[in-house]
> 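Okay, here's the structure, questions in a sec.
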Amino acid sequence: MIFLVGNWKMAPEKGAQAITLFKKTNLLAKAYKKTLTVIACVPSVHLVTLTRQRVSPIKLGAQTVASTVTVAHTGLVHSGMLKDAGVSYCIVGHSESRARGEGNDLIREQALRLIEKKITPIFCVGERERDPQGWYLSEVKEQLETLLVVLPKTAYKSLIVAYEPVWAIGKDAVREATPIECQEMIIFIRKVIADAIGEKAASLVPILYGGSVTEVNARSFIIEGRAQGLLVGRASLDPKVYGQLAKSISK
Ligand code: PGA
């Protein structure tokens, strides 16, 4: 199965629009259910509304979770609340959250809170820039290792890693990553995971690619880039584009 994960970020503004987008995305999930696992990671406020639509096979995902379960944290969302709202996946460590000050230790705790509730973390890693000396590899390795050293023994079965080079994300991206850059990093990430939890377990962790994925380049990240799925921002908000994207990777 190929994972197709939409990261809606802070859109759409209205609940009714969220319902429409969710239902349209579910049509894709239905049409390609033999090849794709379609997940929509939506703003926290829309979670309950969307669960109540009772549509399938689309899976509901969140974009943030508190790193703690003690109640006195104004503004945060408890992992148990996500579970209760029907969430089965949650993005952690996204570069936009890291840019707001979330560091490796906090992100590790967020991932652990999700695992405790049997919610699969979509654990994002990625370098801010590519330096010719290759230090960017250590940046990604450190991001991964902070979690891997404390990962409970069986938790690799419900872990997804997303490689998202920061320089290739969003409308201010420097450029798109090439499928070869994606493939090299996926091999590197798999090796780091294998060194920590063993080759067999590491082979079961899906590694996705994200950053300016479009209906035009999506297939190349899967075929040449060897990603086992995609984390898609902007293109996931336009059902027509997203439909073409889904079709291109499910061939
Ligand atoms: P983008 O966002 O597809 O709009 O570049 C991807 C992401 O931030 O996950």
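In listed order, ligands and their atoms are each counted from 1.
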> Need the ligand 1 atom indices (1-based, order shown) with element for anything under 4.0 Å from a heavy-atom of Arg234.
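With Arg234 as reference, the close atoms of ligand 1 come out as 1 (P), 3 (O), 4 (O), 5 (O).
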> Could you check whether Arg100 pairs with Glu96 (Lys NZ or Arg NE/NH1/NH2 to Asp/Glu carboxylate O, under 4.0 Å)?
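Salt bridge flag = no for Glu96 with Arg100.
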> Quick one: nearest non-hydrogen protein atom to atom 3 (O) of ligand 1, plus distance?
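Residue, atom and distance for the closest contact: Gly233 N, 2.9 Å.
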> Indicate the ring-plane relationship of Trp8 and Phe22, choosing parallel, tilted or perpendicular according to the 30° and 60° boundaries.
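Judged by the thresholds at 30° and 60°, the geometry between Trp8 and Phe22 is perpendicular.
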> Identify, by atom number and element, the atoms of ligand 1 in contact range of His94, meaning under 4.0 Å from any of its heavy atoms.
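In order of numbering, the contacting atoms are 7 (C), 8 (O), 9 (O).
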> Is it true that Gln63 and His94 share a donor-acceptor pair across their side chains at a distance under 3.5 Å?
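There is no such pair between these side chains.
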> Hey, is Glu102 close enough to Arg98 for a salt bridge, meaning N to O under 4.0 Å?
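Answer for the salt bridge query: no.
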> Can you report which non-hydrogen protein atom sits closest to atom 2 (O) of ligand 1, along with the distance?
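Going atom by atom, the protein heavy atom closest to atom 2 (O) of ligand 1 ends up being Lys9 NZ, 3.3 Å.
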> Side chain, backbone, both or neither: which part of Asn7 comes within less than 4.0 Å of ligand 1 when only heavy atoms are counted?
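Just the side chain.
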> Which of these passes side-chain contact (heavy atoms from CB on, under 4.5 Å) with Val87: Val42, Thr51, Val65, Ile119?
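That would be Ile119; it is the only one of Val42, Thr51, Val65, Ile119 passing the side-chain contact (heavy atoms from CB on, under 4.5 Å) with Val87.
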> Please confirm whether Gly170 comes within less than 3.5 Å of ligand 1 when only nitrogen or oxygen atoms on both sides are compared.
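Among all N and O atoms of Gly170, at least one is under 3.5 Å from an N or O of ligand 1.
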> Using a 4.0 Å heavy-atom cut-off, which part of Glu164 comes near ligand 1: side chain, backbone, both, or neither?
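It is the side chain that gets close, since no backbone atom is under 4.0 Å.
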> Flag the pair Arg175 and Glu181 as a salt bridge only when some basic side-chain nitrogen lies within less than 4.0 angstrom of an acidic carboxylate oxygen.
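The answer is yes: the pair qualifies as a salt bridge.
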> Between ligand 1 and Ser212, can you find any atom pair, the residue atom being a heavy atom, that is separated by under 4.0 Å?
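Yes, that is the case, since the closest heavy atom of the residue is under 4.0 Å from the ligand.
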